[in-house]
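So the structure is just underneath, and the comments pick up after that.
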Amino acid sequence: MGHLDTVFPLNNSFQEFYREGDMMYGPGVADMQGGLVVLLYTLKALAQAGELDNKTLTILLNSDEEIGSLSSRKYLEEQALIHDYGLVYESSGTNNLVRQRKGLGQARIVVNGLASHAGGAHQQGRSGIKELAYKIVEVEKMTDYESGVTVNVGVISGGEARNTIAPCAEAMVDLRYPQPQQGEDAVAQFEKIFGSVMSYPIDSSEISAESWINLHRPPKVPTAESEHLLEKTLAIGRLLGQELGVVNSGGGTDGSLTQAMGLPTLDSLGVAGTGAHSNQEKAGVSSLVERAKLSAVLIRRLAAE
Ligand SMILES: [Zn+2]
């Protein structure tokens, strides 16, 4: 599995690929165009060695991963049911494999208020921005580093003019949670916060909110089968002289969806790189080769099991 999309808007200045020595820079070099190159050369090597004969491999590349695989999820889940192993070519920092991942959720909230003149009719207005601000404070309070639940209001917008009481305001919220139940609890809490008026002691017809909440990735919790896959890969790494670390991650991948369907999935076979989702994104050119070797041997061995 891999994804073709990146996160950079067209007006972002970080649009070009360039290389300096063993380092390559550009949008997606780590997350995960580099991983797609690893995948391509893994397949080329296996095909050349005749290792793909009489084997069934499905390559699934989606284009909506960064927004949560909302439309490709069903295809990923379908494929999970008819395969033995899932391999995802995401980057995982420098020379790491990922054991465990948090679940991800997202929410969008739109507050509708009532516009009026900020000088002449202040009392008649109902500010969507003011109401949203109250909600944001409550939403941000849900972050609890001890339990691992984090919430981030990442984007806000609203209002029409400085001297108009803002008739509307909007926010996009990101949620991360280690255990499935924490995701359910967070959804209930979002609903409570979004559903109540907090900034005005008035009836709700004058100020209201519409929201959309989605738990788009379940937590990736290790299983005996996924540990087997991880150990096998670490052993191949040792054989190839690659020292691989094992980390847990707060970042989501499509591997969480397939593992939740019962498919043992390793989701960090991509290139060694850092700075994903920033204009410092970079990846090691030589790790393309190292990772292609690693996953070619892995696939060969898995197919022989
Ligand atoms: Zn990615």
Side-chain angles (χ1 to χ4, degrees), residues 1-10 12 14-15 17 23-42 58-73 75-77 79-80 86-106 150 152 154 172 174-177 214-220 226 230 233 244-260 263 265-285 287-288 290-292 294-295:
M1 284 164 272
H3 66 86
L4 299 158
D5 52 330
T6 60
V7 293
F8 301 93
L10 282 174
N12 191 300
F14 189 57
Q15 301 287 349
F17 174 91
M23 209 46 87
M24 52 185 172
Y25 300 81
V29 286
D31 183 17
M32 63 173 282
Q33 312 293 318
L36 297 176
V37 174
V38 172
L39 171 58
L40 177 64
Y41 279 84
T42 298
T58 304
I59 310 301
L60 203 160
L61 305 179
N62 57 357
S63 54
D64 63 346
E65 195 274 344
E66 295 289 1
I67 55 168
S69 306
L70 299 175
S71 63
S72 59
R73 180 174 185 159
Y75 302 106
L76 291 154
E77 290 179 341
Q79 293 299 318
L87 305 174
V88 186
Y89 286 78
E90 290 283 6
S91 171
S92 56
T94 306
N95 299 327
N96 289 323
L97 296 174
V98 175
R99 166 174 283 133
Q100 191 165 353
R101 288 181 186 272
K102 287 184 183 181
L104 272 72
Q106 56 181 315
T150 60
N152 176 54
M172 309 275 272
D174 179 275
L175 165 73
R176 315 266 157 162
Y177 58 100
N214 189 288
L215 295 179
H216 59 278
R217 302 220 195 290
K220 185 158 181 273
S226 71
L230 180 67
T233 312
L244 301 171
V246 178
V247 295
N248 295 337
S249 172
T253 81
D254 286 329
S256 301
L257 293 170
T258 54
Q259 176 126 330
L263 181 75
T265 303
L266 187 62
D267 59 18
S268 46
L269 285 166
V271 72
T274 55
H277 297 198
S278 82
N279 57 9
Q280 266 90 56
E281 183 169 1
K282 58 183 178 182
V285 176
S287 96
L288 294 169
E290 288 172 15
R291 285 297 173 118
L294 183 72
S295 73

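Just so we're clear, the structure is a prediction, and the values are computed from it rather than from any experiment. The residues of the chain are indexed from 1 along the displayed sequence. As the structure lists them, so they are numbered: ligands from 1, and atoms in each ligand from 1.
The salt bridge (Lys or Arg N to Asp or Glu O under 4.0 Å) test applied to R101 returns D267, not counting sequence neighbours.
Judged by distance alone, the side chains of Y177 and T150 never bring a donor and an acceptor atom under 3.5 Å apart.
Among protein atoms, those of element N, O or S found less than 2.8 Å away from the Zn ion (ligand 1) are H3 NE2, D31 OD1, E90 OE1, E90 OE2.
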Please lay out, stage by stage, how L230 and L266 fare under the test side chain to side chain contact (heavy atoms under 4.5 Å, CB included).
CA-CA 7 Å; L230 180 67; L266 187 62; 3.9 Å; yes

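For the pairing with H216, the side chain to side chain contact (heavy atoms under 4.5 Å, CB included) check across L175, L104, L257 returns one residue only, L104. When D31, N62, T253, D64 are each tested for a side chain to side chain donor-acceptor pair (under 3.5 Å) with H3, only one passes: D31.
A salt bridge links R217 with D254: the distance from a Lys NZ or Arg NE/NH1/NH2 to an Asp or Glu carboxylate oxygen falls below 4.0 Å.
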